[in-house]
Amino acid sequence: MTEPKNRGMFGVVGLFESADALMAAIPKVREAGLGKVEAYTPYPVHGLDKALGQRRSPLGGMVMVMGVLGALTAFLFQWWISGIDYPIVTGGKAPTSWQAFVPIMFEVTVLFATFTAGLGMLFFLNKLPFFGHPVLHAQAIADITRDRFGLAIEAEGDGFDVEAAVRALEAAGARPIEVIPQPSFSGPMTARYLERSLLGIAIACAVSGYAMYWAVKLFPVLPPTSHMLVQPRLDPQKPSAFFKDGHGMQLPVPGTVARGYLPLGLASQEEAATLVNPLAVSEKVLEEGRQAYMNHCVVCHGPLANGVPTLTSAYGAKPANLQAKQFRDYPDGKIYWTIVMGKNAMPSYAADLSEEDRWAVIHYLRALQRAQNAKPGDLDGVKLEAGSGPGSEGKAP
Amino acid sequence: MKAEAVRLPEELQAPALTAGLVTSGSLDDQVLKFPAKKPPLAWYVGFAITSSIMTLGLALIGYTIATGIGVWGNTNPVFWAFDIINFVFWVGIGHAGTLISAILFLFRKRWRNAIARFAEAMTIFAVMCAGIFPLIHVGRPWVAFWLFPYPNQRAVWPNFRSPLLWDVFAVSTYFSVSLLFWYLGLLPDIASMRDRATGKIRKAVYSVLCLGWRGANSHWNHFEKAYLLLAGLATGLVLSVHSVVSFDFAVSLVPGWHMTIFPPYFVTGAIFAGFAMVLMVLIVVRETMDMKNLITAYHLDVMSRVILAMSCLMGYAYLMEGFTAWYSMNPFLHSIFKNYFMGAYWWAGWLTLACNVFIPQLFWFKKCRQSYVWMIVIALAVTTGMWFERFVIIVVSLHHDFLPASWHLYKPTLVDYGILLGSFGLFFTMVLLFARVLPVIATTEMKGILPGAQPHVVKSEE
Amino acid sequence: MTGSKTSTGQALWGAAALGLVGVGATYPVAGPARFWANWLLWFLFLLTIGLGSLFIVALEHLVGSRWSVPLRRIPERLSTLLLLAVPMAFVSLGALPVLYPGTRPEAAHDPVLAGKAFWLSAPFVSTRTILCLALWLVGVAVLTGGSLRQDRTRDPGFNVKARRFAPAFLAIFAVTLTLVAFDWISALEPKWYSDIFGVYLFAGTFLAALAATAVSVVFLKGKGRLEGVGPSHLYNLGAYLFAFTVFWSYIAFAQYLLMWYGDMPEEVFWYKERLAGSWLGVALLLGVVHFLIPFFALIPRDAKGDTRRLFRVAVLMLAAHVLDLYWLIFPVLGPPRLSWPELSFALFFISGGLLWVRAAMERGEDMPAGDPFLREGLEFRL
């Protein structure tokens with residue numbers, strides 16, 4: 001066992017005026033073999049690594065590995081997302097089109113590689129941050145970070161000979177020379193403390209994140225993303241807060257007239273008998289009528305208006321046979337009334353047929369009636385009415 | 001060999017990178033004193049002006065977010081306008097820093113050391129300015145995080161085929177890497193500041209910031225390697241970032257946007273604009289902070305030369321665009337190029353051409369490379385020209401789209417102008433703060449290139 | 001030593017003669033189109049190496065680089081390939097009516113080509129080419145000739161002159177190389193257009209010239225010449241090779257990505273031809289030899305200064321440049337062809353080119369002895 005007085009020694013550091021002087025001193029000091037020789041300089045001095053026998057930095061390999069890893073990560077991530085998990089086709093490109101993944105792949109490669117280079121160098125290789133290093137608490141550090149070149153002989157194990165180290169540095173031309181003890185304090189300035197606090201921060205983050213998750217879940221005071229959830233609207237089975245009566249929609253104001261649907265203004269079907277069809281018969285009007293008839297009337301009254309419907313009579317309805325004499329003699333106005341007001345089981349078609357469509361349907365119905373009840377004499381009339389007669393006349397028996 | 005030493009013509013003599021006697025110690029005294037000193041009145045005046053402009057910009061951004069981007073002039077068919085122009089403009093400004101710090105580092109251009117720190121800082125501030133615009137441009141910036149691919153309950157992922165998403169990755173990577181690069185360079189300087197600081201709080205802050213850097217050679221060993229690797233990677237990154245920005249346009253089918261030359265052309269333009277900005281700011285720093293011995297006339301000269309070279313490359317790119325537009329015999333391309341110079345915005349086209357190609361040619365004259373007035377005039381022209389170049393590319397290409405019925409002249413609103421102005425306010429506020437808080441010159445790097453800083457090399461090489 | 005030298009020379013002459021037989025037979029047997037495509041490939045190969053070398057020289061003068069001064073004589077000597085390219089260019093004009101649809105009279109009636117028929121027409125292309133040749137020869141005379149004269153005069157005034165001439169030459173270089181790209185390669189398919197194409201050819205050109213320089217340097221060093229050029233210089237060469245491998249890939253991919261993404265029929269057809277059938281294999285091979293192998297081979301720090309690896313990678317880069325030109329030119333003939341015409345052209349031009357370069361390597365001193373910065377360059381260490 002050596003004397004206890006050297007137990008707390010970190011080493012001895014001597015200062016040089018120039019990089020050349022430092023370079024010249026290193027071999028001499030290293031020859032003495034008193035401990036680990038390390039240089040402390042204000043800026044990187046070329047050739048010191050070799051002179052001190054330090055290994056080349058392994059950073060290049062680390063960066064290479066991480067870069068390749070970054071490239072693979074980015075590529076596979078994009079491939080999986082765009083091609084497998086959420087395939088969408090944009091711009092006519094295949095979901096797994098690799099060309100589009102290259103830019104991000106490059107960026108992530110660079111990100112991985114640079115962070116490995118920068119942070120890997122600081123935290124992993126240089127073991128920083130470290131505030132408790134003895135040199136930091138020596139007098140010499142202020143000169144070292146300014147313009148002096150420090151050369152230190154650092155204790156390795158117990159057998160460190162302080163005097164010999166001082167002599168060796170003196171012989172090499174260092175001035176002044178400082179003996180650096182191990183700092184007596186520990187605690188906040190050591191790397192271990194920092195590691196612990198980083199771990200603590202990480203745990204605190206995890207705990208608070210989890211706590212936040214549950215807090216938001218249990219006490220949803222502030223829903224995190226509520227962009228379109230909160231807006232005025234009527235929910236099913238809930239009263240509306242907007243109107244007094246709690247309904248979400250209101251009846252129109254009395255006397256409201258829908259555009260294009262003027263009220264009839266007649267009291268009874270008899271009164272309506274006086275109405276005259278305002279449309280002149282033309283091929284266009286009949287076509288319109290046919291369209292409307294086919295859309296709305298044919299299901300009950302049948303394509304020939306004879307009350308034999310397209311649908312079966314499964315519903316038990318007895319639609320009127322409009323070919324009957326009664327209806328052939330009906331004035332146009334009465335039919336109009338029926339369309340607007342409905343009759344028996346027939347509902348009002350006012351909402352479905354516009355004014356014009358109603359009259360067009362009546363024209364078409366007349367044409368159907370005439371076609372089904374044709375007399376030989378009708379053909380004479382054809383000549384008279386040539387040019388305006390409907391095509392169905394030709395089907396007359 | 002030595003006997004026949006030839007007298008070199010002045011033009012060929014190696015320029016001194018510092019003027020007067022500069023030593024490691026004097027360098028520290030000169031550069032590191034600023035953070036400890038009270039700034040002069042002019043600084044406060046400048047800061048008041050820039051920060052008011054910044055506040056105006058921030059208020060208008062708040063107004064935009066609260067009201068919606070209808071307060072801008074963007075409308076059918078010009079859906080991209082000031083927002084994207086400013087984004088591209090600022091990202092471009094941000095390219096000079098990395099160029100100076102990374103590419104010139106790889107080329108071992110030692111004149112870069114004096115200006116690298118400021119240029120890097122400007123990169124970071126410019127990218128901050130740039131980042132604002134896409135953020136507010138999305139309309140609902142509070143959900144901008146949707147752009148990141150994270151597993152979510154909606155079970156959707158972002159579209160990786162969209163160049164806008166590439167942008168998110170490129171710009172955020174660029175910002176992080178620039179910050180890291182800047183910080184690494186700052187680390188030893190902050191260590192110097194720590195050891196100079198007298199105040200207890202200052203010392204503690206610097207101690208934490210420099211992570212306990214102690215200048216051990218084993219650390220420098222890794223540090224230098226890391227710096228070299230970062231420089232190499234940042235070079236690739238700087239090329240890729242503006243290329244990705246150019247993809248925002250070039251992958252589309254809009255005539256005037258779909259150009260294969262866009263990626264290198266955008267990178268060139270970015271470096272061009274960035275250098276002009278760095279030149280302007282450095283002139284101010286040199287004068288107001290009394291740095292004439294460190295930022296010498298040679299630095300300004302060489303930067304002017306770089307601007308000139310970039311201007312020629314821009315000229316080549318314009319020539320190629322114009323030629324190919326003609327050569328393609330594509331009527332749409334013909335029409336859009338006619339529009340650039342003879343349409344409603346003809347002045348923007350000519351302004352771009354004049355400011356980016358013709359005016360910088362003045363740098364051929366030595367007189368212009370040595371006079372502050374000319375340098376600032378030309379740098380301002382370049383900055384203006386590069387902004388209008390993006391205006392031409394974006395607005396002029398869009399305002400006549402494929403459907404003549406929707407052709408529309410774009411008119412920016414006051415809010416547009418205000419936010420643009422505010423971004424300048426933000427940038428210069430950050431620059432002013434930086435100039436007072438951190439060392440504006442990379443003292444550690446400068447120390448390494450002072451005469452006699454490196455030991456004489458042993459002749460033989462292993 | 002001299003014995004082996006002459007025997008190498010004899011072997012090269014023999015190979016060239018053998019190749020010449022195949023070259024001569026190609027025209028009547030395999031047809032003029034095949035002959036001209038091969039001719040064009042090797043014309044462009046030698047031309048781009050010569051032009052790229054001159055570019056390296058001009059760049060060095062412009063930026064005032066010192067480390068490369070001891071190596072400068074190599075690209076200067078390689079730039080004499082431009083002298084060889086002059087007669088080849090005149091012969092190449094014969095390819096115009098055969099390979100270039102734009103020169104045919106039908107072009108005037110094609111809706112796309114009509115507007116630019118005069119640009120593509122044989123007389124105009126020939127004029128431009130002759131103009132380019134004249135400008136290049138001026139470059140060779142000023143930069144290479146001046147440097148050789150400086151060996152005797154030791155006059156630093158040449159450095160001043162070269163420094164002033166360099167920007168002019170670089171401007172000429174940019175325009176003329178773009179013209180080469182458009183007139184001789186892009187015009188094979190006159191409807192296709194890409195404004196980055198000049199830069200694409202530049203990337204390949206610079207890379208090929210760098211590779212040729214690296215091969216020559218390593219070769220001469222192996223012969224015990226270029227004393228004083230050490231690993232630091234080689235490292236820089238390797239680093240440039242690495243950087244421009246990445247640059248080439250960047251440009252190539254950018255052009256491809258944009259056209260692929262845009263998918264516009266008037267431009268994407270070019271890639272469809274070059275990625276269809278067996279051409280896909282050629283394209284993939286190009287990606288491997290022009291990017292992947294050199295990229296990963298040169299990544300490690302030691303690799304860049306390692307003579308053996310540098311030599312191999314540089315040779316591979318030259319081969320990759322040939323493959324690049326093959327991939328650019330040959331698809332106009334249909335599916336990839338590699339048979340006796342291609343092989344005999346390769347044999348003829350490689351051995352002929354080597355003979356030329358071998359002779360050039362004896363021109364002047366191995367290093368620009370009159371350059372005032374030679375010493376500084378020799379002292380360069382990383």
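In what follows, chains carry the letters A, B, and so on, assigned in the order in which the sequence lines appear, proteins first and then strands, with residues in each chain numbered from 1.
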Look at the rings of C:Trp119 and B:Trp326 and say which category their plane angle falls in: under 30° parallel, 30 to 60° tilted, over 60° perpendicular.
perpendicular
Given C:Asn236, C:Ile251, C:Leu62, the one with more heavy-atom pairs under 4.5 angstrom with chain B than any other is C:Asn236
Part of B:Leu106 within contact of chain C (heavy atom distance under 4.5 Å)
neither
Pair B:Phe247, C:Tyr261 - check ring-ring contact (aromatic ring centres under 6.0 Å, His included), show working.
CA-CA 10 Å; B:Phe247 289 158; C:Tyr261 212 116; 8.7 Å; no
Name the option with the most non-hydrogen atom pairs under 4.5 Å to chain B; the candidates are C:Arg66, C:Glu266, C:Glu267, C:Glu376.
C:Glu267
With side chain to side chain contact (heavy atoms under 4.5 Å, CB included) as the test, would you mind laying out the steps for B:Tyr327 and C:Leu120 before giving the verdict?
CA-CA 10 Å; B:Tyr327 183 82; C:Leu120 297 168; 3.9 Å; yes
Step-by-step side chain to side chain contact (heavy atoms under 4.5 Å, CB included) determination, B:Tyr316 to C:Val199:
CA-CA 10 Å; B:Tyr316 174 80; C:Val199 183; 4.1 Å; yes
Below 4.5 Å from any heavy atom of chain C, which atoms of B:Leu333 appear? Answer side chain, backbone, both or neither.
side chain
Is chain C contacted by the side chain of B:Trp364, its backbone, both, or neither, given a heavy-atom distance below 4.5 Å?
side chain
Nearest non-hydrogen partners of C:Gly262 and B:Leu253, listed with the distance:
O-CD2, 3.2 Å
So which of B:Ser328, B:Pro263, B:Ala317 has the biggest tally of heavy-atom pairs under 4.5 Å with chain C?
B:Ser328
What distance separates C:Ile196 CD1 from B:Tyr265 OH, expressed to the nearest 0.5 Å?
13.0 Å
Looking only at heavy atoms, what is the nearest atom pair of C:Leu258 and B:Ala250, with distance?
CD2-CB, 3.5 Å
Check each atom of B:Arg108 against the heavy atoms of chain C and say whether the ones under 4.5 Å are side chain, backbone, both or neither.
side chain
Where do B:Phe107 and C:Val63 land on the side chain to side chain contact (heavy atoms under 4.5 Å, CB included) test, with the steps shown first?
CA-CA 11 Å; B:Phe107 281 121; C:Val63 303; over 6 Å; no
What closest approach, in Å, do C:Ser194 and B:Thr260 show between heavy atoms, and which atom pair accounts for it?
OG-OG1, 2.8 Å
